[in-house]
Protein chains: 2
Amino acid sequence: MSERPSPSAPRRAPRRDALRNDAVVIQAAREVFAEQGPQASMESIAARAGLGVGTIYRRFPGKDALLDAIARLFVQELDEATAAALADPDPAAGLERFLDFVGAFNTEKRRYASLLAGRLGADDEVSRPTFERIRQLTQKAVDAGHLAPDVTGDDIRALVAAIHAVVAAAPDGDGSAWRRFVRIHLAGLRAGRTEG
Amino acid sequence: MSERPSPSAPRRAPRRDALRNDAVVIQAAREVFAEQGPQASMESIAARAGLGVGTIYRRFPGKDALLDAIARLFVQELDEATAAALADPDPAAGLERFLDFVGAFNTEKRRYASLLAGRLGADDEVSRPTFERIRQLTQKAVDAGHLAPDVTGDDIRALVAAIHAVVAAAPDGDGSAWRRFVRIHLAGLRAGRTEG
DNA sequence: GCGACTCCGGAATGATCGTTCCGATTCGCC
DNA sequence: GGCGAATCGGAACGATCATTCCGGAGTCGC
């Protein structure tokens with residue numbers, strides 16, 4: 001019984017250059033997909049990374065896996081934003097901080113919406129724990145009297161989806177039209193008693 | 001010498017089958033693009049139409065032209081809806097009727113958003129005369145006191161874009177989540193004095 | 001430094017798809 | 001019914017692109 005971790009794997013540690021390339025590929029893919037959308041070719045990504053296509057395929061089973069990896073990255077950033085917003089002692093401020101993040105995120109990276117579209121199903125456009133946090137964030141704001149009593153996490157989720165679209169539809173120069181949109185919608189969420 | 005209407009065009013009327021196929025192609029393309037998105041193949045459209053691909057190319061210079069033709073059709077429908085809404089004697093009712101149309105239109109045809117995206121530039125997502133009518137519609141509602149004084153056509157246009165997204169993001173069964181969204185946003189547009 | 005093994009580059013492969021082309025078919029007119 | 005032209009069908013072409021493959025370069029443990 002010599003201590004081999006696994007009978008058939010006397011593996012060596014991965015080489016340093018391989019590890020570095022891992023990060024380089026993700027970064028390049030992020031940039032290229034943001035610029036050209038999901039139909040960007042693997043070759044253009046490889047070129048941006050300064051690598052050959054084969055190197056990408058060593059790490060990722062295929063283009064779809066690469067797309068998924070990046071989508072997961074975005075969800076993770078959104079996740080961190082919800083966690084930060086939830087930690088804010090003032091519920092209203094936390095909610096607005098979160099919505100600010102969503103708008104800024106999409107403004108910076110216009111094309112990400114098309115990347116996420118379809119890749120994450122309708123009911124997990126936001127990963128489940130993230131949505132749970134949005135729900136809590138909403139509930140706190142309702143309890144504090146900042147939103148009408150019947151407002152739910154679904155309403156905020158719809159608003160998030162709407163922000164995507166408003167950012168994408170805004171004229172080129174205008175990077176903050178979405179702020180006005182959010183302000184208006186929040187006014188509706190405060191005042192609106194939707195006796196349904 | 002002999003009386004030809006035009007020197008170089010002794011044209012005969014188009015054949016009846018050609019005229020019929022024109023409509024068949026458009027209809028098939030509408031259906032297939034709605035189901036599969038803009039990346040649907042020309043062959044699948046031809047198959048749906050019960051025709052050969054060559055027949056499509058006789059009418060349309062290429063796939064892009066076909067896509068454009070359908071996008072123009074949608075804009076035209078939207079155009080008619082704005083005209084009808086503007087004709088309504090009650091400004092508030094006209095505006096709501098218009099927004100109802102937008103939501104229903106997108107609900108029926110989920111994938112049309114991706115078809116229109118990018119094809120019509122940011123500043124003519126709605127054709128110019130259509131946008132002019134939206135502006136008038138908005139102004140009438142403002143003058144009648146149904147919307148806050150500083151609301152403009154751009155606000156309604158943003159709402160239209162948002163409705164697209166909300167419809168697309170809604171869970172499968174739920175074909176009317178967008179109604180709630182619109183109701184809330186309209187409340188914000190009524191109450192919100194955005195002293196900016 | 002050296003040997004063995006991992007990793008990289010980029011040409012080759014196979015599939016998909018938009019577009020073209022031309023013989024066969026159908027239509028309009030007499 | 002028959003002729004000439006417009007139209008159709010769908011095979012063939014060329015381009016693009018994801019994916020594979022393997023000879024050669026680079027790295028690690030010693």
Side-chain angles (χ1 to χ4, degrees), chain A residues 2-6 8-29 32-33 35-71 114-115 118-119, chain B residues 2-6 8-29 32-33 35-71 114-115 118-119:
Chain A
S2 60
E3 44 274 81
R4 285 230 216 86
S6 131
S8 63
R11 311 216 178 116
R12 211 180 281 209
R15 276 165 42 171
R16 234 196 318 278
D17 56 344
L19 249 33
R20 177 157 23 86
N21 284 342
D22 229 29
V24 169
V25 167
I26 287 269
Q27 176 62 23
V32 173
F33 282 138
E35 287 167 17
Q36 306 183 19
Q39 80 285 8
S41 72
M42 293 297 267
E43 201 150 312
S44 65
I45 293 168
R48 174 75 57 108
L51 298 169
V53 282
T55 305
I56 298 180
Y57 280 92
R58 171 166 304 276
R59 296 291 167 187
F60 298 91
K63 185 179 188 174
D64 234 51
L66 189 53
L67 246 7
D68 273 347
I70 292 180
S114 68
L115 211 170
R119 190 149 298 278
Chain B
S2 59
E3 45 275 79
R4 286 226 214 86
S6 133
S8 65
R11 311 214 179 118
R12 210 182 281 211
R15 278 164 41 168
R16 235 197 319 276
D17 56 345
L19 248 35
R20 179 158 23 88
N21 284 342
D22 229 30
V24 169
V25 167
I26 287 269
Q27 175 63 22
V32 173
F33 282 137
E35 286 167 17
Q36 307 183 19
Q39 79 286 8
S41 72
M42 293 297 266
E43 201 151 310
S44 65
I45 292 168
R48 173 75 59 109
L51 297 168
V53 280
T55 304
I56 298 181
Y57 279 93
R58 171 164 304 276
R59 295 293 166 186
F60 299 91
K63 185 180 187 174
D64 234 51
L66 190 52
L67 247 6
D68 274 347
I70 292 179
S114 67
L115 211 170
R119 190 149 298 277

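Chain identifiers are assigned alphabetically (A, B, ...) following the order of the sequence lines, protein sequences preceding nucleic acid strands; residue numbering begins at 1 within each chain.
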- Item | Side chain to side chain, B:Ile56 and B:Met42, heavy atoms closer than 4.5 Å | yes

- Query: B:Phe60 versus B:Ile26: any side-chain heavy-atom pair under 4.5 Å?
  - Reply: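 When only atoms from C-beta onward are counted, B:Ile26 and B:Phe60 do touch, with a gap below 4.5 Å.
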
- Rounded to the nearest 0.5 Å, what's the gap from CD1 on A:Ile70 to CD on A:Gln27? Could you check? 9.0 Å

Contact summary for [X] and [Y], nearest pair of heavy atoms:
X: A:Leu51; Y: A:Thr55; result: CD1-CG2, 4.1 Å
X: A:Ala49; Y: A:Val24; result: O-CG1, 3.5 Å
X: A:Gly62; Y: A:Tyr57; result: CA-CE2, 3.9 Å

In whole angstroms, how far is the [atom2] atom of [N] from the [atom1] atom of [X]?
X: B:Arg20; N: C:dT26; atom1: CZ; atom2: C1'; answer: 11 Å
X: B:Phe60; N: C:dT20; atom1: CZ; atom2: P; answer: 15 Å
X: B:Tyr57; N: C:dG18; atom1: OH; atom2: P; answer: 6 Å

Shorter than 3.5 Å, N or O on both sides, protein versus nucleotides 15-17 of chain C: list them out with atom names.
none

- Message: Please enumerate all residues that pass salt bridge (charged side-chain N to carboxylate O under 4.0 Å, His left out) together with B:Arg58, with sequence neighbours excluded.
- Response: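 Partners of B:Arg58 under the salt bridge (charged side-chain N to carboxylate O under 4.0 Å, His left out) test: none.
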
- Item | Partner residues of A:Arg15 under the salt bridge (charged side-chain N to carboxylate O under 4.0 Å, His left out) criterion, sequence neighbours left out | A:Asp17

Contact list (N/O, under 3.5 angstrom) for nucleotides 7-11 of chain C vs protein:
from	atom 1	to	atom 2	distance (Å)
C:dC7	O4'	A:Arg15	NH1	3.2
C:dC8	OP1	A:Asn21	ND2	2.4
C:dG9	OP2	A:Gly52	N	2.8
C:dG9	OP2	A:Thr55	OG1	2.8
C:dG10	O6	A:Gly54	N	3.2

- Message: For B:Glu35, give me all partners under side chain to side chain contact (heavy atoms under 4.5 Å, CB included), at least two apart in sequence or on another chain.
- Response: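 Scan of B:Glu35 (side chain to side chain contact (heavy atoms under 4.5 Å, CB included), adjacent residues dropped) gives B:Arg48.
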
- Is there a donor-acceptor pair under 3.5 Å between the side chain of B:Lys63 and the backbone N or O of B:Ser41? no

- Query: Any side-chain N or O of B:Arg16 less than 4.0 Å from the OP1 or OP2 oxygen of C:dG28?
  - Reply: yes

- Could you give the angle between the helix axes at the two ends of the helix from C:dG1-D:dC30 to C:dC30-D:dG1, with five pairs per end, rounded to 10 degrees?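 Result, rounded to 10 degrees: 30°.
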
